[in-house]
> 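Just dropping this structure here.
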Protein chains: 2
Amino acid sequence: MKSFINYPQNSDFSIHNIPFGVAVFNREYIACCTRIGDMVIDLATLYDYGFFDEIEGLNENVFEAYTLNEFIELGKPVTNAVRLKIQELLLEGSSLSHDEKTIEECFYDLDKVQMMMPLHVQNYTDFYSSIEHATNVGKMFRDPANALLPNWKHLPVGYHGRASSIVVSGINFHRPKGQMKPADAEKPIFGASKQLDFELEMAFVLNKNTEIGESISTQEAEDAIFGMVIFNDWSARDIQSWEYVPLGPFLGKNFCSSISPWVVTLEALEPFRTASPKQEPEVLNYLKFEGDKNFDINLEVYLQPENGEENLICQSNYKYMYWNMAQQLAHHTINGCNVEVGDLYASGTISGNEQNSFGSMLELTWRGQNPLKLSDGTERKFINDHDTIIMRGFSEKNGIRVGFGEVRGKVLPAK
Amino acid sequence: MKSFINYPQNSDFSIHNIPFGVAVFNREYIACCTRIGDMVIDLATLYDYGFFDEIEGLNENVFEAYTLNEFIELGKPVTNAVRLKIQELLLEGSSLSHDEKTIEECFYDLDKVQMMMPLHVQNYTDFYSSIEHATNVGKMFRDPANALLPNWKHLPVGYHGRASSIVVSGINFHRPKGQMKPADAEKPIFGASKQLDFELEMAFVLNKNTEIGESISTQEAEDAIFGMVIFNDWSARDIQSWEYVPLGPFLGKNFCSSISPWVVTLEALEPFRTASPKQEPEVLNYLKFEGDKNFDINLEVYLQPENGEENLICQSNYKYMYWNMAQQLAHHTINGCNVEVGDLYASGTISGNEQNSFGSMLELTWRGQNPLKLSDGTERKFINDHDTIIMRGFSEKNGIRVGFGEVRGKVLPAK
């Protein structure tokens, strides 16, 4: 497949991708959009010009919206048809390729566009599905000999997170303040977090509403997943470690979480399916699944000091996940918990086996014991003020590349 | 104050209350409403007839809505003015008292009305703020000698719950299924929960949106609280106890939570303010507060077997809460977590000192060791299929009564 829009070989946004997002165009007009190479395409105007007329079930201009929710809710038969239509329109020799007026009106250079939060996130759940991450944390905070808790291999452990504080890439935030209890202190103290961290995660977006009492099986799950984003689950370790017993993470997490602006569909990721790690002991029936339910997605984290260069500090891969998305969703709904369009389900920190594949500063520096050395000669145990964290993700196979772009956020000093 | 509408002395919905809800009238028309005695009043039509014309800031008919959110978002200056106006209109001799046409059109007998979920709940947090409850649970599941965890007296422990599965009183649900590990089993099993429980809680409703990075102080907190409801945090103890380490409650809670349909304003509760239990050790500055920040609200739980009578199984009081609402909200936002109109913040189970004041079956039967004897001769360790749980709450002082009505829900057999 070759597009009439040129882009470099290593672009995340190849003709094979066709992700969805929401943008402000020319600082005045908001619409749902897609991207190829460095061109962002206004889908609302493309709809008005009749390019989607033949798609059954697309009866109004759902692209004239501030979020993708209305589009996503149409379900895969419609959203896949739209994606394939866009792909066809972007091919060399297509009707659109000769239509200068439409291209002039609907195609924008990246620098004319600001990406917005693409979803109204109704509910957000964070899983804990990387065995390497759970093992690392268990070794550090509990028992090195029994790092995994007894339930971990039997169910995808998860908890509810805060939906209101999820922001899009590029939004910066102030270092959170809160209550913590340093190991050498007699009493808890109040102040700015000294152990601010990132967590490298991915999240999937739901396209479906269910009623209370309904469940989604592992077989049905992928039909209910519109696509994925990269997710930075910013964490304040000192606040978290003091507050989290017995009811789980709260203020150590809910001050901010960041997502990449482009939702990459599960269909675009299809060529990169791969097997999951073997699950032993065998899981209960409702968690069994067939076929390759994991995806080979390269993930990178960069730390960039103010006015400095990007330092690659972590290289991981989504394929390391012990529990897959189908299992996560089946588990989440097995008790009849209802789900909603726009819900985000995050993976939990994605760590690999190697030390440089650990998905958080906590693990990379082993709780600050082995600081990271940066290219400017400075060291980091955790994240400093004015540091920017950038996460990137992409899949590549047989010359086909599909990527997520990036999610970035800078830590401003505490207020 | 005497109303031209008659109601019995012990009505929760006296002229001093004036709560807000949303109702379906005559099975065909939905609007925001209030209640006095057994009369439900359609506020949207009252607005159309000009009764709220003089209220500044009430520029459109926000009562023509499926939720109270739009009304609540107007803030206290407007919502208090509306409440006082309604109270004035309901007094003997008011302009409305002689206006038969309006009364005919806007006043409905209870049996012509179905109460709906009054809020779009954006985010839901559950605290754990009763010292008696936390102590009971700590004794049962952890260490009787050190029942409270080290952080408990320093901060109002809380966690994020699932907003999507909060329903209004009267909605029944099927017993949840899930994974659990009985004490005598080698491996986890799958099945219907055998330890289904209620939790007697109250929740407050927020009237304010904040930005990420903003905090709400204990002094500002009550201005941001529109009112309160009774909250039943249904819990499956066997699912919960297997899943909850280390990240907190998840499927053991998120299958259903029930709220009472009438939001009682903080202003209506003003006469019932009372002091909180003394907090020792002293709390950090951001958790300090002035004045009486607790409320004397009698709470009752009834268990009604199918076709049987109501059994009073618990009598508790909101005034036992160790942490108050102002402290909960100040703590929740001290790290800059943003809040949204319609957010619900639940108290956690409200237990008192006496055995009959424990707010859950878990505590009342001490984990099933001392089953409850019901009036029909049967016993309960936890909740049986077809049992209905009813919670009621009211305040009473100097002849003034303000109440919440009830929240009820029946447990249907597992699907």
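Labels below follow one simple rule: chain letters A, B, ... track the order of the sequence lines, proteins then strands, and each chain is numbered from 1.
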> Does B/S164 use its side chain to pair, donor to acceptor, with the backbone of A/V339 at less than 3.5 Å?
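Checked: no pair found.
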
> If you tally heavy-atom pairs under 4.5 Å against chain A, which of B/T333, B/V245, B/T125 wins?
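Among B/T333, B/V245, B/T125, the one with the most close pairs to chain A is B/V245.
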
> Who among A/Y124, A/F255, A/W242 has the most heavy-atom pairs with chain B under 4.5 Å?
A/W242

> Kindly compute the distance separating CG (A/L284) from CD1 (B/I189), expressed to the nearest 0.5 Å.
9.0 Å

> Using a 6.0 Å cut-off, check whether atom NZ of B/K288 has over 12 heavy atoms from anything other than its own residue.
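It does: B/K288 NZ has more than 12 such atoms within range.
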
> For A/G252, does its backbone N or O pair with a side-chain atom of B/N335 as donor and acceptor, under 3.5 Å?
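No, B/N335 side chain to A/G252 backbone: no donor-acceptor pair under 3.5 Å.
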
> Which residue, B/N151, B/L287, B/V283, forms the side-chain contact (heavy atoms from CB on, under 4.5 Å) with A/Q179?
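Exactly one candidate clears the test, B/L287.
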
> For the CG atom of B/L155 and the CD1 atom of A/I239, what is their distance to the nearest 0.5 Å?
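The CG atom of B/L155 sits 10.5 Å away from the CD1 atom of A/I239.
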
> What are the two closest non-hydrogen atoms of B/K415 and A/E214, and how far apart are they?
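Shortest heavy-atom separation between B/K415 and A/E214 comes out as NZ-N, 4.4 Å.
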
> Who among B/I212, B/N285, B/L412, B/N209 has the most heavy-atom pairs with chain A under 4.5 Å?
B/I212

> Picking from A/S165, A/S215, A/G138, which has the most non-hydrogen pairs under 4.5 angstrom with chain B?
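Between A/S165, A/S215, A/G138, the count favours A/S165.
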
> Which atom names give the shortest non-hydrogen contact between A/P188 and B/H154, and what distance separates them?
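Looking at all heavy atoms of both residues, the shortest contact is CG-ND1, 3.3 Å.
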
> Between A/G178, A/G336, A/C256, A/P150, which shows the greatest number of heavy-atom pairs under 4.5 Å with chain B?
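Looking at each of A/G178, A/G336, A/C256, A/P150 in turn, A/P150 comes out on top.
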
> Would you mind checking which part of B/R142 comes under 4.5 Å of any heavy atom in chain A, side chain (CB onward), backbone (N, CA, C, O), both or neither?
side chain

> Is B/L149 close to chain A through its backbone or its side chain, or both, or neither, when contacts mean heavy atoms under 4.5 Å?
side chain

> Which pair of heavy atoms, one from A/Y128 and one from B/P246, lies closest together, and at what distance?
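Result for this residue pair: CE2-CG, 4.1 Å.
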
> Counting N and O atoms only, with roles assigned by atom type, does the side chain of B/N123 sit under 3.5 Å from a partner on the main chain of A/R162, one being a donor and the other an acceptor?
no

> Assess whether atom NZ of B/K181 is packed by more than 12 heavy atoms of other residues, nucleotides or ligands within 6.0 Å.
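For B/K181, atom NZ is crowded (more than 12 foreign heavy atoms under 6.0 Å).
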
> Could you check whether the rings of A/F127 and B/F250 sit parallel, tilted or perpendicular, using 30° and 60° as the cut-offs?
perpendicular

> When you look at A/V157 and B/E243, which way does the side chain to side chain contact (heavy atoms under 4.5 Å, CB included) test go after all the steps?
CA-CA 7 Å; A/V157 170; B/E243 75 177 354; over 6 Å; no

> Look at B/G213, B/G161, B/P281 and state which one has the largest set of heavy-atom pairs under 4.5 Å with chain A.
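Result: the option with the highest number of such pairs is B/G161.
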
> Check whether the ring centres of A/F190 and B/Y286 lie less than 6.0 Å apart, and answer yes or no.
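Judged by ring-centre distance (under 6.0 Å), A/F190 and B/Y286 do meet the cut-off.
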
> Does CD belonging to A/E220 count more than 12 external heavy atoms closer than 6.0 Å?
yes

> Who in residues 340-349 of chain A is close to chain B, using a strict under-4.5 Å heavy-atom cut-off?
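Those residues of residues 340-349 of chain A which have a heavy atom under 4.5 Å from chain B are A/E340, A/D343, A/Y345.
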
> How far does CD of A/Q122 sit from CD of B/Q122, to the nearest 0.5 angstrom?
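Answer for the CD-CD pair, A/Q122 versus B/Q122, is 7.5 Å.
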
> Could you pull out the closest heavy-atom pair between A/H331 and B/L251, with the gap in Å?
O-CD1, 2.9 Å

> May I ask you to decide if A/C337's main-chain N or O and B/N254's side chain share a donor-acceptor pair within less than 3.5 Å?
no

